[in-house]
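Single-structure report; data block below.
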Amino acid sequence: MEFQNIKYEVRNRIAVVTINRPDKLNALNKSVLDELKECFTVIKTNDEVDVTIITGAGEKSFVAGADISELSKVDVVSGKNFSEFGQQVFNLIERHGKPVIAAVNGFALGGGCELAMACHVRYASQNAKFGQPEVNLGIIPGYGGTQRLSKLVNSGLAAELILTGDLIDANEALRIGLVNKIFSLDQLMNKAIEAAEKISSKGQTAVQMALKAIISSDEVSESEGQNIESALFGLCCGTQDFKEGTSAFLEKRKPNFLNR
Ligand code: COA
């Protein structure tokens with residue numbers, strides 16, 4: 001696939017998607033969102049990809065938010081569409097069915113923080129900075145941030161970040177649970193790839209069913225979520241990977257999963 005504003009590479013069943021507008025600190029314009037949508041539509045059905053890593057080009061920024069020069073032109077109707085399109089793309093990233101790791105290598109502001117939150121695992125570099133500074137522009141987060149931040153940290157911390165527009169550093173993001181781990185900038189991608197390789201080494205049916213069950217916990221009641229869990233558990237029990245995983249354990253050998 002050829003893109004102008006993102007880079008897409010697949011190696012050893014791991015896709016790396018790099019937002020590639022370093023001169024604009026990787027701000028998300030419409031073309032970036034269009035390309036992310038196309039890219040994840042392909043990843044969804046590409047049997048050669050198990051896990052995706054999203055990062056930003058350069059050493060300064062993951063994504064510094066929605067592109068403010070485009071944003072400044074919207075009105076009531078196009079503003080709503082602007083928000084809905086970003087939500088749609090981020091929902092696709094979150095729900096296309098396979099794990100996504102955010103390797104946050106600098107500023108993750110506004111839409112950048114929202115993009116990281118749409119990923120399933122968040123690793124950050126020591127120089128990363130997070131925030132939802134939209135209030136400084138007279139708007140609110142529009143790509144799912146009010147919802148995901150409240151669930152990921154808690155509504156009090158989400159309110160503080162969104163209402164003040166304050167930025168926090170990687171240590172604070174780790175403390176409040178916004179990121180899973182922090183690494184030096186030069187180690188960040190290696191660690192993200194290491195985690196992706198570990199996930200890729202498992203049976204992918206189980207990985208994808210687990211992800212589906214985890215995501216459902218945001219949307220349904222606990223009892224409905226447990227129904228989903230047991231239904232997906234049952235489906236896993238019908239796979240060859242289940243037979244292989246349990247046999248390998250009992251035979252004291254490494255499993256050889258075929259993702260079937
Ligand atoms: N949209 C469009 N362009 C952006 C941008 C954004 N969200 N964030 C940064 N840029 C551009 C700048 O306009 C500048 O472009 P220029 O060189 O053509 O003037 C370039 O990226 C570098 O940014 P600059 O502000 O010079 O870097 P800095 O190190 O001084 O500051 C930030 C970095 C992230 C603190 C600052 O760029 C910023 O506050 N960005 C906006 C963050 C934001 O409000 N995001 C939410 C949007 S909804």
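Indexing begins at 1, ligand by ligand and atom by atom, following the structure's order.
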Are there protein heavy-atom neighbours of [atom] below 4.0 Å?
atom: atom 34 (C) of ligand 1; result: yes
atom: atom 38 (C) of ligand 1; result: no
atom: atom 19 (O) of ligand 1; result: no
atom: atom 26 (O) of ligand 1; result: no
atom: atom 23 (O) of ligand 1; result: yes
atom: atom 30 (O) of ligand 1; result: no
atom: atom 12 (C) of ligand 1; result: no
atom: atom 7 (N) of ligand 1; result: yes

Side chains of [X] and [Y]: does their closest heavy-atom pair fall under 4.5 Å?
X: R253; Y: S247; result: yes
X: Q208; Y: K98; result: yes
X: V207; Y: V51; result: no
X: N29; Y: S69; result: no
X: F90; Y: L33; result: yes

Look at [atom] and say which protein heavy atom is nearest, naming residue and atom and giving the distance to 0.1 Å.
atom: atom 15 (O) of ligand 1; result: K24 NZ, 3.4 Å
atom: atom 36 (C) of ligand 1; result: L25 CD1, 4.6 Å
atom: atom 40 (N) of ligand 1; result: A64 O, 4.5 Å
atom: atom 44 (O) of ligand 1; result: P133 CG, 3.7 Å
atom: atom 1 (N) of ligand 1; result: I68 N, 2.9 Å

Path from [X] to [Y] over hydrophobic side-chain contacts below 4.5 Å:
X: V89; Y: V16; value: no
X: I199; Y: V49; value: no
X: L28; Y: M117; value: yes

Output the list of atoms in ligand 1 that are nearer than 4.0 Å to some heavy atom of [X], sorted by atom number.
X: K60; value: 27 (O), 28 (P), 29 (O)
X: D67; value: 1 (N), 2 (C)
X: L109; value: 34 (C), 42 (C)

key: Q132 heavy atom under 4.0 Å from ligand 1   =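 Per 4.0 Å heavy-atom rule, Q132 does not contact ligand 1.
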Would you check whether G111 reaches within less than 4.0 Å of ligand 1, judged by its heavy atoms?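 The answer is no, since G111 has no heavy atom less than 4.0 Å from ligand 1.
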(request) Name the option, out of L28, L137, N136, L167, that contains the heavy atom nearest to atom 48 (S) of ligand 1. (result)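 That would be L137.
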*Where D47 and R13 come nearest, the two heavy atoms and their spacing*: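 Distance-wise, the nearest heavy atoms are O-NH2, 2.6 Å.
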*asked:* If I compare all heavy atoms of I53 with all of A196, which pair ends up nearest, and what's the gap?
replied: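 Closest approach of I53 to A196: CD1-CB, 4.1 Å.
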Quick check: A66 and ligand 1, any N/O pair under 3.5 Å apart?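 The answer is yes, given that A66 and ligand 1 share an N or O pair closer than 3.5 Å.
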* Asked: Below 4.0 angstrom, N of the basic side chain to O of the carboxylate: do R11 and E197 qualify?
  ->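 Judged by the 4.0 Å cut-off on N to carboxylate O distance, R11 and E197 do not form a salt bridge.
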Show, in sequence, the C-alpha distance, side-chain angles and deciding distance for H120 and I214, and conclude whether the side-chain contact (heavy atoms from CB on, under 4.5 Å) test is met. CA-CA 10 Å; H120 308 108; I214 292 165; over 6 Å; no
Region of D23 engaging ligand 1 - heavy atom pairs below 4.0 Å
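The part of D23 near ligand 1 is the backbone, not the side chain.
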